[in-house]
Every structure is written in C-alpha cells, then in structure tokens.
Number of protein chains: 2
Amino acid sequence: MDLRQMEYFVALAEENQFTRAAEITRVSQSGLSAAIKSLEDDLKAKLFIRTTRRVELTAAGHALFPHARNLLAEANAGRDAVAATTAEFAGALRVGAEQCLGSVNVPEIVERFHRRHREVEITFTQAGSGDLLKRMRGGDIDLAFVAGTSETTDPQLRLTGLDHVTLATEPLVLLTPPEDPLASQKSVAWNDLQDRTFIDLDSTWAIRVVTDEIFAKRRIPRRVAFTVGDIHALVDMINRGLGVAIVPQSVSRKTIAADLQTLSLEQRDPVWTVSAAYAHSERASHLTTEFLGLLEPR
Amino acid sequence: MDLRQMEYFVALAEENQFTRAAEITRVSQSGLSAAIKSLEDDLKAKLFIRTTRRVELTAAGHALFPHARNLLAEANAGRDAVAATTAEFAGALRVGAEQCLGSVNVPEIVERFHRRHREVEITFTQAGSGDLLKRMRGGDIDLAFVAGTSETTDPQLRLTGLDHVTLATEPLVLLTPPEDPLASQKSVAWNDLQDRTFIDLDSTWAIRVVTDEIFAKRRIPRRVAFTVGDIHALVDMINRGLGVAIVPQSVSRKTIAADLQTLSLEQRDPVWTVSAAYAHSERASHLTTEFLGLLEPR
DNA sequence: CAAGTTTACGATTTTCGTAACCATC
DNA sequence: GATGGTTACGAAAATCGTAAACTTG
C-alpha cells in the first residue's frame, strides 16, 4: 500500500475504466492493472468487480475509497507544510479562471498555493476567457486559465502575444436527456443537430463562443432556447429534459450528469483546449511559475 | 514521498538517532540514511539537522511531522476498513496486558482490532503478568501480553505449558534524577546500587518481581522506599529526586523521562522480554491469530 | 467481433545491505 | 578514538511498457 497505488485506485474508482484511469494517471493500462492487482493482493481483498464493460467498486473498495482520498490530501498537505517553511515568496498574485476547465482544478491549486505562501495576497476571479484575456492584456490579472478550441478564430480568445502553456485537451461531446431520440446512438454528426433545442451558457463564456463559432462555420442554424450562467444549471436543465448541450467531455463525467447520455461528435476536429496564460511581469513571474508548478507534477 | 519514507521519517523524528530508528523500522542504517536523503531531495528541504551526537528536526521537519503521522494513521484506517468488509469474525476476545511493554503498543492494536471486527466483543484488562497468566490458565483470558527476563525463575511468570511468542527484548537500565551522583557515569554495576533509595511498582507488576529477583540472586540488599501503582507515577517521583529505578530501556525514552539520566547496567544478562501468551482454545484461536497479526507486519 | 482487461516477459529503475569512509564529540 | 552518519557499489527486487492472449457483452 503506497501513495502511488492510492492515486491509481482513486482514479480507477472515479473513472470506472482502466483505460481512462491509465490515461489520467499517465501509466500504461497494463501497469495500472498490475498496480491494482498488487494492491488487492496486499489488502487480501478484491477492490473492483471487473467486466469488460464496466469496472465497479466492491464493498471493500468503497470502504477504502475515503481513506485513499484522505491519504492523497494529507500527502499534499505535508508537501505544502514543508514548502511553507522553505519558500520565501511575497507580494500579490491575481488569478482568473473560466468555467468548464474539466480536468484542471484551479480552486484546489489556489488552496494549496495559499497554504504554502500565506504572505502572498492571492485573489481569484471566475470569468469568461475573453474577459480574462482582456484583463490580462490590461495588466489587471497575472495568470489566467482559459479555454478555446483548435479552430477558434474569435480575436478575443486568441493567445497571440501572451506567454501560455497548454494544460489539457479533450473532445467536445453532446449531452442529452436519457429519453432523447438520439440517446440510443453513440455518436452524432453536426448536421443532425440543427433541429434541436439547445441549452448553453451566455456568451461571456468560452464554451458558448466556441460552440456558436462551430455551428456558424458549418452554416448550421442552432436554436439556443435556454441561456444560463453556470454549468451546473446547464446540466440541471438537461436533466429536466429541456434540451441538449455541447460540453467538454469532462463535464459529462461529473456525477450530476450521471443519468444523461453522452454522444461523441463526428469529426473530432474542434478539440477543447485548456491553457494557462500569464504575463511575464517582473513582479509576478516567479509566483505564476510556483502556481503552475502545483498543477500536474507529483 | 511514499508511506515507507513516512515510517522512516516518523521513527527518526521520534528516536533522534539513525541507528535506533533503523532498528525499529528494520532496515539497515545506510538504507534509512538513503531513504531520508531521497525524501529530502523530493521535498527539496532539509528535514533533520545531523550531528554525530544528535539528530533533530528542522522547521521543515516539524511542519511535516503531524502530516506524516496522519498519513500512517490513515493508511492503517484504510487497511482496517477494508478488512472490516471482508473478515468474518465473531465471538469474544479477552485480552490482558502488563504495564511497561515498551515497544509493544497494545491499546493501539485493541483499537485497530475493534475497527476491523466490530462484531467481536473485545475486553481489555491491564494487570500484572503473574495475575494475567493465572487468569489465562484458569481460562478467563484468551491472550496476554506479559513481560519477564531471561533469568526469571518465579513460577508465576513462567510460560511453560502455554503457547507463546516473543515480541521484543530490550535491556534494563537505571533511571536517575539529573543531579544524582551517578549521573555522570554511563553505566553502573549492580553492586554499586546497594545503598540507593529505589522507587518501584508494587509486586503485582513484573518489573518489580523481576528486579527483586535480580537483587536477591546477587545477594544485594535493596531499599524500596516508594511503591507506586503505575509507571508514570514512578517516573514522576524520580523527576522529583526521590530515588532511582530499574526500568526497561524503552521507558527511559518516553518524553516524561526526558530530563532524567539513563545508565546502562553492567552485565546485560537479564534481558527484559515481552511475550504474547495465548490459550489455544477452539473458540478464540483464530481471533488471537488475527490480533497478533496486527502487531508488526505491514 | 469489438472493446477492454489480464498475462507474459524483457528492460529499466529503484531499493537494499555490506563495507569502507568520514565527521564530531 | 569511539560512536554514529554518509558514500560506494554490487545484488536483488519492483516497476513499467509492448505485445499477445483472453473475456464478455
């Protein structure tokens, strides 16, 4: 039983699939399989029931899960506590983030950064990517987590002239109510969506801008009947059967979307891309570097 | 950063010495040294200040310590939670333990056993070894953690006829107040103790029986002026300068004894030995096996 | 039969212990 | 100079990834 096994265990419990969990934890599928097996041998208990279709926690696995989470959280807290005694940072850091960042959990990093550097005055703003980038160009934000797609042409979403790094990419998917006529299919073509009623965020958010662009570019009319301000409200309205929505794949994996149907989109071209953009100001650059350092590694 | 490193780290932080911590964690001294070094490299912070005389936590080490403890506790809790779902134990287990068991922490195991097997009615009795063994022979206890020395002849403390396993051995030492005339020495001969005033437990406890035996066998008179019922009271009275005491080495390492002087005894022959004795009754044997399994391994 | 998991196996990396070396009281 | 920590290095073990075999819906 070690921390690496706990990471694998948590990822597998959350993804319910070896292949996806292996991608997230960045090992080969066989490596993940072997690690889980060795954990099960160690604990002398089966943790997952496997079929080729689904992987599910056993009672023993359910019992272990919260402890595994605590273990990982405690390990991070330990790292942070040590870093807090060594690191000598001061000043202020202004962070901004989009909604729908999927696999990139910015609030968690804000918390960890704050634990490490209590002297740094950190501020956090959730806003649309266009808005964030404008503020960054105006010098009002030091670090922005924004999203877009590979084919975005909207000038407000371009990262030209800014230092930035790509953090994650994932496909866009269609989210429908379970009783939707399309729900029996596994995938759908853009063209087949023109008669549907859509739910979407308002146009301050990147997912709306990007989706509008995609339909416009393909000259497909789209009817957005319901406009909401946050992604949970969006999923809630799909649950109520009011329409469908285009979202990044990670949204479809949230528990609130468990009952919904996820359809992949033919031509996977426009890929949802999450990036961090940062001003290379003298004042904040070492802080942004430290912040970004808390993201993936370890 | 892994759980093995945390074990090593905690052991070293508690022992303040590589050699002793390595014995406790059962690795070579060099292995421990390398593991701590790799942990420090990983966290990019020195955790200990080393001199050849003493090893002390740095600020970073102090920051990590509680998290390391939590990590180990959480790992055990995880193991227990899993075991609780698999194991099928029921019935009752009656455990007894001496005071002064040193490295063997019975209450902790009682707790873990209880977490694993809530259906088992566990009872715990703290009492002297002689008493416990009598009760065991009478069938009133299933498992007893007792102590004695290699040269014990007292029939009440003999384990003959009982299944038992040796759990730990350690030397006996002399504990004196810091201002004691002997305090400058590193060791002392039994013969030089005949004029001293002793503090000791009452004769229901093994440490008293054993010490009396040692002095009697060597025909050295001993004056026990203060008789107490528990080991903390004993150490407290030494702290007050009222006398000296023979105790197992592990007692001298407790924090309450931090200000006291520890002298090793010439001729290390009588070695303090902690054993677990158990009836091999049909009813309880699998429970005692499970209980003992929680001791050292993993 | 197709998507997904386990098994087999060789290569790489890590870990561990012995023994020699080095530092401090 | 004795106690105790680190370094060097070879042996052993664990980890990981590719590819083939297997399982299930």
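Chain letters run A, B, ... following the sequence lines, proteins first, then strands; residues in each count from 1. If you're wondering where the values come from, they're calculated on a predicted model, not measured in any experiment.
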Run the salt bridge (Lys or Arg N to Asp or Glu O under 4.0 Å) test against Arg26(B) and tell me which residues pass, sequence neighbours left out. Glu296(B)
Among dT7(C), dC16(C), dG4(C), the one nearest Thr19(A) by side-chain distance: dG4(C)
Contact nearer the 5' end of DNA chain C, comparing Thr52(A) with Arg26(B): Thr52(A)
Would you kindly give the CZ-to-P distance between Arg4(B) and dT14(C), to the nearest whole Å? 12 Å
Over 60° means perpendicular and under 30° means parallel, so tell me whether Phe215(B) and Trp190(B) are parallel, tilted or perpendicular. perpendicular
To the nearest 0.5 angstrom, please state how far the CD atom of Glu40(B) sits from the CG atom of Asp42(B). 11.0 Å
Does anyone know the first and last nucleotide of DNA chain D in reach of chain B, 5' to 3', at under 4.0 angstrom to a heavy atom? dG4(D) to dT7(D)
Separation of dC16(C) P from Leu39(B) CG (nearest whole Å): 13 Å
Using the closest heavy atom to pick a nucleotide of DNA chain D for each, name whichever of Ser30(A) or Thr51(A) lands nearer the 5' end. Ser30(A)
Rounded to whole Å, CD of Glu56(B) lies from P of dT24(C) at a distance of 16 Å
Here's a test of your reading of the structure: between Arg53(A) and Gln5(A), which maps to the more 5' nucleotide of DNA chain D? Gln5(A)
Any chance you could measure Thr149(A), atom OG1, to Ile207(A), atom CD1, to the nearest 0.5 Å? 9.0 Å
Should the ring pair Phe9(B) and Phe65(B) be called parallel, tilted or perpendicular, given that the plane angle runs from 0 to 90° and is split at 30 and 60? tilted
For the CG atom of Leu3(B) and the CE atom of Met6(B), what is their distance to the nearest 0.5 Å? 8.0 Å
Is the side chain of Gln249(B) donor-acceptor paired with the backbone N or O of Glu170(B) at a distance under 3.5 Å, no angle test? no
Does any N or O in the side chain of Arg115(B) come within less than 3.5 Å of the main-chain N or O of Asp80(B), such that one atom is a donor and the other an acceptor? no
In whole angstrom, what separates Ile36(A)'s CD1 from dG4(C)'s P? 18 Å
For the helix from dC1(C)-dG25(D) to dC25(C)-dG1(D), what is the angle between the axes at its two ends, each from 5 pairs, rounded to 10°? 40°
Expressed in angstrom and rounded to an integer, what is the separation of Glu40(A) atom CD from dT6(C) atom C1'? 12 Å
Have Gln261(A) and Thr176(A) got a donor and an acceptor in their side chains that come within less than 3.5 Å? no
Contact class for Gln29(B) vs. all strands (heavy atom < 4.0 Å): base, sugar-phosphate, or nothing? base
Take the protein atom CZ of Arg54(A) and the nucleotide atom C1' of dA3(C), then report the distance between them rounded to whole Å. 15 Å
Interatomic distance, Gln17(A) CD vs dG4(C) P [rounded to whole Å]: 5 Å
Between dT14(C) atom C1' and Lys37(B) atom NZ, what is the distance in whole Å? 16 Å
